[in-house]
Each structure stands twice: as C-alpha cells, then as structure tokens.
Amino acid sequence: MPEDKNGQPLTGEHSEQERVRRQKRDRLIASGIDPYGEPFPGRESIETLRTRIPALNPLPDNIPVIKSRIAGRIVLLRRFGKAFFATLQDATGRFQVYIRKDHIGEELYDLISENTDIGDHIGVDGTFFLTKTGEPTLDASSVTFLGKSVHPLPEKWHGLTDIEQRYRQRYIDLIVNPQSRDVFLRRARILGFIRHFMESEGFMEVETPMMHPSPGGALARPFVTHHNALDVDLYLRIAPELYLKRLVVGGFDKVFEINRNFRNEGFSPRHNPEFTMMEFYMAYHSPEDLMALTEKLFGRLAMEIHGSTSVPYGDDLLEFSGPFKRISYFDALAQACALSRDNLFREDSLLKLVKKKGLPIPPVRNGKPYTADLQNLLFEEMIEKTLIQPTFVTGYPRAISPLARSSRQDPEITDRFELFVAGVEIANGFMELNDPDEQLRRFMSQLESRNSGDLEAPPPDMDYIRALEIGLPPTAGEGIGIDRLVMLLTGQHSIRDVLLFPQMRPL
RNA sequence: GGGCCGUUAGCUCAGCUGGCAGAGCAGCUGACUCUUAAUCAGCGGGUCCGGAGUUCGAUCCUCCGACGGCCCA
C-alpha cells in the first residue's frame, strides 16, 4: 500500500487540491478527452524552436511567419478572462504560449481553461509573435491535452528546498529547480566527454562483473548477495581492478571502465554506498604517464564545462591547467609532523603524536598498530584537507598499497600517487605489481589482517595470481572518482547533489 | 556509534512566557484578451513527524521513537 513520508497510507487521503484536480480529470473524460494523452507527433523541441527565431531586437514591423508545434509541462500560468499565458517546459527549455478564446474556439477554450493546472502536459500548435514586452511567444491556434497532473507541484518561486524530499522525489526537484537539472545535464556532458577523451587516447571501454565471488581490488567492506541457482554468496564489487588487469594480461593493453562500485560504509557528504569510478590501465606506461594524462583530461574537462581551466569551487578558484603540484608523501608528513625521517618510522613517536592530536588509536593488529596505519592517519588528518589546488601526492608506503609495485629506489614505498583537489581524494594510481609471487605474499599478509579481525582486508584471489603468472606486462593503472570530479566541476559540496537518486534510508 | 540542529496547510516559512493555528504562493468563487512572482475582491484548506508523560490546558516543557542535515568517530 502506498504511503506518505510518515508511513501513512495514501489511499483515499487526498488533499483538497488533489481532489479538485481529480475532478478536473474526470470532467475531461466526460468531455471525451483522454486525460493521460496520446502521442503528439511532429512537435519540435523548444530549443529547436528558439534556433529558428531570428534576432528580433528591436521589434521589427514585419515578423516572418513562424509556425511551430511544441509540447511540455505547464510550469507557470497567468489567466485572464478570455485568454491566458502559460509557460511550457520541455527537456530543452521553457517557452511562453498565449491561448486566446477567439483563436482556439469557445468550446475548446472553456474546456482547457477550466480543467488545466500547473503541472499538466499540453501540446500547442501556433504562430510565433513577440509580446508588447518583447517576450517570444507562441499564439495558439489549437491546444491538445496531453496529461493530467493530479498532485500539485511546489511553489513557483522557492521551488522545492527540503533536502530530503529533493533526494527522495528527484522527479519533482528536476521539474522545479533548474539548478538541479543543470547539474545533471552537466554530469552527462562530463561523462560523455570523458568517454570520448579516453577513446581518442586509444583506450577500449570494457565492462567487468559487478558481482564477484570474492571481493578484491580495494580495502572496503562489501555488500553480500546470494545466487540461488549456484547456492553461493556473491559480493557486489568494491573495485573492478583485478578484472581489468586480467584483461591487460589477455592482451587488451589500454582499457577503461566507468561503472559503479559498492562499499558497505556509512554516508557522508563525500561518500555514497554506491559510487561511480573510472579505472583505466595502460600497459608499457608509467605513473608519470598517468599523471600527465590526468592533467590533460582535467584541463580539457574544465575548458569543456567552464570554458576556462580556472574553476570556482566554494571560496576557492581551482586551477586545472597543468602541471599539477607534486609533493612526496613522506616529505609532506615529516614536515607537517615536525618529525625526523627516523622518528617518522618509530611507533612510539608516531603514537605520541597521534595521542597529542587527540586522534583515535587505529585498531591494533597482531598485537601492535602498524606504523603505516599511524602514518596514514596523521597524513589524512594533517595534510589532505590542506591540499586545495590539484596536487599529486607521490610515494605511498608499501604497507598500505597491496597492489602497487615497490619503488626500484626504495622498497618501502611504491610507485603510487593520489590526486587531491579541494581537500578531497579524487584519483589514485600506481605501477601495478606484476610479480605473482610477491603479490601472493602481499595477499597472505592481508589474510593475516583479515583473520585478526580487519573486515576491510580482502581474501586472496588465487585466479588473479594465476593471471599474473601468465604475465602482466609492466602496466600503470588509475582510478578516478567520477562523482567527486563532477562535484568539483558543478560546484556541489555534497555527493548527493550529483547523484540522481542518492541512497536514503527506506521510509 | 556520539553531539548539535530540524520536522507546522500541496510548497516556502512565521508562531512571544504553555491559553481557540498564521502569512505568502498554490487552490476555490468572481472581475479582467499582452501577462511573465500578473493584478483586484472574497472563500476554503491542518494527525503542528509518531507515542508516552507533566499540566486545568501542550505545536511549545520532559522522555522514548522515526526521518533528515551538519560536525565528530
């Protein structure tokens, strides 16, 4: 049974306005009009109509005759006695129509005038003209009723501001809040641009499984589901990484995937349980190449969406013309913590600093906290949020990079970087570990963590080890958080504002 | 998981110290054939998120719960 937001059943509980609208619907039916409409062939989009209108400023004496057929939702209505103005909205914009009793006939006029509301769909055939005040308008020669809206829309001026309702009833938000609509139009452009860019760079788009027999490729708790016919548990993927590298083993040496990942975590302005990532892999390339490609992509995207590589975000002006700033993980940490390189690797001095900062002690594993966990905690707390302009952080510790190859210069660090913008992690890339025996040792070490209670540590994926045994060429791979990127490019500060249907607690 | 804040008409919001529930928009009736937040006159519309308690009396105070936001973990 349908319910309102307080769990109350809706049947027979219509408001006065809904009852009135249903009565109007029934009157339309009684007059032989289908209140839910028929297809309306031959209409043009409002955007197309606008392109056909020549520049008419100042108002010319002889406007060329422009006839049009448009359809849309009535979003504004100004009634007079024997005529009214209605503003129609379709996917491409708004356009005013003028409906006069003496132009469409008394019978049709009375029927339409008395039974339409804001929110209804109508189709209009008419002739273009400019009003006294210069508003482009279609003078209706006939009106077709295309759909009754029996539930009133929010107020025309303030729109829908209740955040919860905007997320739960996005269809209303999209009708009445042009800013919201614009965010998603831009999101679609961003996605299209990225795909086109990657293809032009020689990448092949692939789709790998969303349901994994064993979760892997990241550190996160998975969602579990069950396949009945096989009678096995499956995990919604936390990352596509291990499958994409299998494809590189298979010979597709430049691949990318844009798709959803699922992580069984809480919500925040930057986290949704399902989110969109692009991961891509380039055989025979380096992390340097990844960073260069990332700079190129972000610069082009900023130009595409903003017409400039400078993008305003909150109080900041983000500069996406590369090259981006680079800092080393340990240099930055040593500086921010005012610790010597030696003390940076001593558990006691790290612990002292963590306690001094009032930070929670990370979970103890095998009797002792890892120095890498302490380092990472301090890095996250003291450095990440200060990285406003696009910044690559390089040289991540091996201990927190189980799929990355160790640096040839320093085996304690990996050839891995993360990109931060506006204090938020946007991308993560590295030289892939392609030594199967080393990868197996790392997996077994993660298994120990898992067995000692770390639910984010994945179990070993032995088929992935076999793929590495077949041979992964030297490969660089990167993941880019698409939702967060869209946030930056659309000026949004909550991930929920760039997701059409963010996850909400069911009512 | 913790702290703070919020939930009142279809929507946006007021509501003082506990004393008959308010406005604007939307709706209804009437006037109006160039308005664009149309205008003018009149009218209707409420499970004050839910439950319990205190009180003569609760939208308001207390407790429990639901949902949401922000911050922290």
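Convention: sequence-line order gives letters A, B, ...; per-chain numbering from 1. FYI, side chains are in, hydrogens and waters are out, and symmetry mates aren't considered; it's all heavy atoms of this structure.
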Contacts of A/E135 and A/R496 projected onto RNA chain B by closest heavy atom; the upstream (5') one is A/E135
Applying the Watson-Crick and G-U wobble criteria at under 3.5 Å, what pairs with B/G1? Answer none if nothing qualifies. B/C72
From the options B/G68, B/U12, B/A73, select the nucleotide whose nearest atom is closest to the side chain of A/L359. B/A73
With a 3.5 Å cut-off and no angle check, do the side chains of A/S452 and A/S449 form a donor-acceptor pair? no
My understanding is that a pair needs two contacts under 3.5 Å, Watson-Crick or G-U wobble. By that rule, which nucleotide pairs with B/U17? none
Whole angstrom is fine here: how far is it from CG in A/D162 over to P in B/G10? 14 Å
Would you measure the distance from the C1' atom in B/G18 across to the matching atom in B/U55 and give it in whole Å? 9 Å
Sub-3.5 Å donor-acceptor pair from the side chain of A/N272 to the main-chain atoms of A/Q503, do we have one? yes
Suppose you measure atom C1' in B/C70 against the same atom in B/G30; what distance do you get, rounded to whole Å? 49 Å
Give A/R505 one of three labels, base, sugar-phosphate or nothing, depending on what nucleic acid heavy atoms sit under 4.0 Å from its own. sugar-phosphate
Position toward the 5' end of RNA chain B (nearest nucleotide), A/R21 or A/T87: A/R21
When we call it a touch if two heavy atoms are under 4.0 Å apart, what does A/F84 touch: a base, just sugar-phosphate, or nothing? nothing
Suppose we screen for side chain to side chain contact (heavy atoms under 4.5 Å, CB included). Which residues come up paired with A/T127, at least two apart in sequence or across chains? A/V65, A/K67
Could you tell me which nucleotide pairs with B/A58 by Watson-Crick or G-U wobble geometry, both distances under 3.5 Å, or answer none if nothing does? none
Rounded to whole Å, the CZ-P distance (A/R166 to B/U12) equals 11 Å
Any strand: nucleotide that pairs with B/U35 via Watson-Crick or wobble, under 3.5 Å: none
Watson-Crick/G-U partner (both atom distances under 3.5 Å) of B/A23: B/U12
Counting only side-chain nitrogens and oxygens, does A/R19 get under 4.0 Å of the OP1 or OP2 atom of B/G27? no
Can you tell whether the side chains of A/R270 and A/E425 come within less than 4.0 Å, N to carboxylate O? no
Could A/R416 and A/Y396 be counted as a cation-pi pair, given that NZ or CZ must be under 6.0 Å from the ring centre and within 45° of the axis? yes
Euclidean distance for C1', B/U47 against B/G42 (whole angstrom): 29 Å
Using atom C1' of each nucleotide, how far apart are B/C11 and B/C16 to the nearest Å? 26 Å
Can a side chain N or O of A/K24 be found less than 4.0 Å away from OP1 or OP2 on B/C28? yes
Spacing of A/R22 atom CZ relative to B/C28 atom P, expressed in whole Å: 15 Å
Nearest whole Å is fine: how far is B/A73 P from A/E265 CD? 16 Å
Nearest-Å distance for atom pair CG/C1', residues A/L153 and B/A9: 17 Å
Quantified in whole Å, what is the C1' atom distance between nucleotide B/A58 and nucleotide B/C49? 16 Å
Distance check, C1' atoms only: B/U29 and B/C20, in whole angstrom units. 27 Å
Does this structure show an ion pair linking A/D483 with A/R260, if we count only N-O contacts that are shorter than 4.0 Å? no
Indicate whether the side chain of A/H271 and that of A/E265 have a donor and an acceptor atom separated by less than 3.5 Å. no
Side chain of A/E164 only, please: which of B/U12, B/U35, B/C67 is the nearest? B/C67
Looking at A/F95, does the NZ or CZ of A/R50 lie under 6.0 angstrom from its six-membered ring centre and within 45 degrees of the ring axis? no
Looking only at B/C28, B/U12, B/U33, the nucleotide nearest the A/V20 side chain is B/C28
Return the nucleotide paired to B/A66: Watson-Crick means purine N1 to pyrimidine N3 with N6-O4 or O6-N4, wobble means G-U with N1-O2 and O6-N3, both under 3.5 Å. B/U7
A/R100, A/R79, A/K101 screened by side-chain contact (heavy atoms from CB on, under 4.5 Å) with A/F84, the one that passes: A/R79
Whole angstrom value for the distance that separates C1' of B/C11 from CG of A/N177: 11 Å
A/Q23 atom CD is separated from B/G27 atom P, nearest whole Å, by 15 Å
Nucleotide opposite B/A41 in a Watson-Crick or G-U pair, distances under 3.5 Å: B/U29
Specify the separation, in whole Å, of atom NZ of A/K101 and atom P of B/U35. 20 Å
Cationic N near anionic O, under 4.0 Å, A/R186 to A/D182: yes
Nearest-neighbour nucleotide for the A/R100 side chain, B/U33, B/U35, B/A26 considered: B/U33
Base B/U35 paired with A/Q96 side chain (donor-acceptor, <3.5 Å): yes
Atom P, compared across B/U7 and B/G44: separation rounded to whole Å: 28 Å
I'd like the P distance from B/A9 over to B/C60, given in whole Å. 15 Å
Is a donor-acceptor pair below 3.5 Å formed from side chain A/T161 to base B/U12, judging by atom type as modelled? no
When we call it a touch if two heavy atoms are under 4.0 Å apart, what does A/G266 touch: a base, just sugar-phosphate, or nothing? nothing
Annotated protein contacts, base or backbone, on nucleotides 37-45 of chain B with a non-hydrogen cut-off under 4.0 Å, one of B, S, - each: BB-----BS
